[in-house]
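Since we're looking at a predicted model, the values are computed, not measured. Numbered from 1 within each chain, the chains take letters A, B, ... in sequence-line order.
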Amino acid sequence: MVRECIAEFESLSEGEKEELIQKFSVEKAEKKKEQVVALPPLEKAEKGKVVMRFAPNPNGPPTLGSARGIIVNGEYVKMYGGKFIIRFDDTDPRTKRPMIEAYDWYLEDIEWLGYKPDEVLYASKRIPVYYEYAKKLIEMGKAYTCFCSQKEFKVYRDNGVECPHREISPEEALEVWERMLDGEYEEGEVVLRIKTDMKHKDPAIRDWVAFRIIRESHPLTGDSFVVYPTLDFESAIEDHLCGITHIIRGKDLIDSERRQRYIYQYFNWEYPLTKHWGRVKIFEFGKLSTSWLRRDVESGKYEGWDDPRLPTIRAFRRRGFESEAIRNFFISLGVGENDVSISLKNLYAENRKIIDPKANRYFFVWDPVRIEIEGLSEEVEVELPLNPNKGTIRRLRGKNVVYVTRDDFERLKGKVVRLKDFCNILLDKKAEFRGFELDDVKKGKNIIHWLPDGETLQCTVLGEKTWEGMVEKNVVQDEGKVVQFERFAFCRIEKAGEEVLAIYTHP
RNA sequence: GCUCCGGUGGUGUAGCCCGGCCAAUCAUACGGGACUCUCGAUCCCGUGACCCGGGUUCAAAUCCCGGCCGGAGCACCA
């Protein structure tokens, strides 16, 4: 039945086909609109009252991974209306030392991705607030100062046994706490723990650390503090203070919720709704850790944090990606708890949809080979499509000395090829002119791109590798924009002067 | 090891809570064709999946049990 229909359709004339397609295209267009990518509805989300946050530690620049957090949270706030808060969880000046430049990079990239934070908070500047809540908990007997070493406590924890310090009175604990704040103890000597349940079936939950001493100057607050909260504590307090309604983050933080709930219970607060997503592994980048990237950037293996080979948002911006593409890419991943490993090809496909219709076309001849065309006496002016979608054109001089790429030269030497939009030649270093008409070579489809001698600019393309070659002068008008180098790839023209520097976007 | 969580085409995703309308959605990928003086663009057509085994039921991707596989956490990191 279906086959018959198709056969019937195929047998129609072009005109008739067109007519039928027209007839159904309205319906199709409507369907496409419905399928606009969107996040699944958020549980218990009230219009205008959704408060969400993105809480990075700026110990490196935002990466594709950060983009997911920004996009998913930001997008939900957009969907329902409410508040979007950026909070820098920068409470460890040593092991996760913040990078001073990264604070602004986050803000910039968030804006570029299309979200405007309603509030920006720096945890490191609000440490006194956390002290107050710590004090309350101590007074309530829900937190205690503990002098066990990490090793000692591990034994207690693993065996589900309460440590001796757990039983001290709130008054005593308070006294120790004050002395901690006054800097009377050394690093590692004492910590403040939250009382949970030493018999909890998950050892990870048992009496966790809320504050520890770190004697290291903080990039933002200097030496103002020696007692720093852990993420679990800081974030628990802050989420409540900010009135966060929904938390969506990676599943590595799943235990965090279980720990924090104890505090919420003690203060009688309501814990936000949470959702956790799985790990994203991108084929092209493998596992990426900020510290690992940092080492390679600092060692000079990469040009900088926006090196086009890097998975940072800055790098994608430099490559000329549209933020809409990145948004669609992550929205389509959804918020499932299973791990995903996905190829950047999907991102490329999203980006291509947006960029292809607007990118101007140019010839870029990499690894050029000089060709002399014999039998072509006069120069001609050649018109080529600049943007096939808009019908605009560009011009090139058709000369008897041209350059083609080595790949094409070697592959097609001795054959008749078509210099796109110009003429046909028998390809060799001394080529023979074979006419201007297209039909002669159309069958073989040996259509290649070319550039006239003396009317080009030096061009370098930076990407996975570096390509050297020449490009037509016309590109100058597209400085800063993404163009398509025909038969090569999309590239962003970063600089166009005497020489051209282009960044490889994607195929 | 302990505590959680998850397993739908090559890849991602919808459906699973509230079993039937799922011979399973959409995207991407791949294959074929059309169009085009580039193309990985566009337009047609096609390929391709419910981890395995039991159970409950008239009926299971959906519920239950077991297995296998994968992941996360088990820090004075975030």
> Does any nucleotide pair with B/U57 by Watson-Crick or G-U wobble geometry, both distances under 3.5 Å, and what is it?
none
> Kindly point out which of B/U3, B/C39, B/U11 is positioned nearest to the side chain of A/Lys201?
B/U3
> Quick one: is A/Thr95 getting a side-chain N or O under 4.0 Å of the B/A75 phosphate, OP1 or OP2?
no
> Ignoring hydrogens and angles, does a donor from either the side chain of A/Glu350 or the base of B/U28 sit under 3.5 Å from an acceptor on the other?
no
> Given B/G73, B/C76, B/C4, identify the nucleotide with an atom nearest to the side chain of A/Asp202.
B/G73
> Can you label the angle between the A/Trp366 ring and the A/Phe488 ring as parallel, tilted or perpendicular, going by 30° and 60°?
tilted
> Answer yes or no: is there an ion pair linking A/Asp478 with A/Arg492, defined by an N-O contact shorter than 4.0 Å?
no
> Has A/Gln150 got a side-chain N or O lying under 4.0 Å from the OP1 or OP2 atom of B/C76?
yes
> Tell whether A/Arg487 reaches the base of B/C39 with its side chain through a donor-acceptor pair below 3.5 angstrom.
no
> Scan A/Asp92 against the nucleic acid and name what it touches under 4.0 Å (heavy atoms): base, sugar-phosphate only, or nothing.
sugar-phosphate
> Scan A/Gly278 against the nucleic acid and name what it touches under 4.0 Å (heavy atoms): base, sugar-phosphate only, or nothing.
nothing
> With RNA chain B as reference, determine whether A/Ser256 or A/Ala204 sits nearer its 5' end, using the nearest nucleotide of each.
A/Ala204
> Write down the distance between CD1 (A/Ile393) and C1' (B/C37), rounded to a whole number of angstrom.
15 Å
> Assign A/Arg352 to base, sugar-phosphate, or nothing according to its heavy-atom contacts below 4.0 angstrom with the strands shown.
sugar-phosphate
> Just compare B/G40, B/U11, B/C37 and give me whichever is closest to any side-chain atom of A/Ser341.
B/U11
> I want to verify a distance call: between B/G40, B/A72, B/C77, whose nearest atom is closest to the A/Lys251 side chain?
B/A72
> Would you mind telling me which of B/U38, B/G71, B/C5 lies closest to the side-chain atoms of A/Lys420?
B/U38
> Take the protein atom CZ of A/Arg215 and the nucleotide atom P of B/C76, then report the distance between them rounded to whole Å.
19 Å
> If you check the A/Lys96 side chain, which of B/A78, B/C39, B/C2 turns out closest?
B/A78
> Go through B/A41, B/U38, B/A75 for me and flag the one nearest to the A/Arg157 side chain.
B/A75
> Can you tell which of B/C37, B/G73, B/C76 lies closest to the side chain of A/Asp252?
B/G73
> Start with the C-alpha distance between A/Ile342 and A/Phe329, add both sets of side-chain angles, then the distance that settles side-chain contact (heavy atoms from CB on, under 4.5 Å), and finish with yes or no.
CA-CA 10 Å; A/Ile342 192 168; A/Phe329 175 74; 3.9 Å; yes
> Heavy atoms from C-beta onward define the side chain here; which of B/A78, B/U28, B/U38 lies closest to that of A/Asn346?
B/U28
> Using 30° and 60° as the class boundaries, would you call the ring planes of A/Phe88 and A/Tyr106 parallel, tilted or perpendicular?
perpendicular
> Give the nucleotide from the list B/U13, B/A78, B/U11 with an atom nearest to the side chain of A/Thr230.
B/A78
> Hey, does A/Gln484 reach any base, or is it just sugar-phosphate, or nothing, if we go heavy atoms under 4.0 Å?
base
> Measure across A/Met52 and A/Tyr76 and return the closest heavy-atom pair with its distance rounded to 0.1 Å.
SD-CB, 3.6 Å
> Distance between the P atoms of B/C4 and B/A61, in whole angstroms?
29 Å
> Please state whether the rings of A/Tyr131 and A/Phe225 are parallel, tilted or perpendicular, taking 30° and 60° as the class boundaries.
perpendicular
> Should A/Arg361 be listed as having a side-chain N or O under 4.0 Å from OP1 or OP2 of B/C39?
no
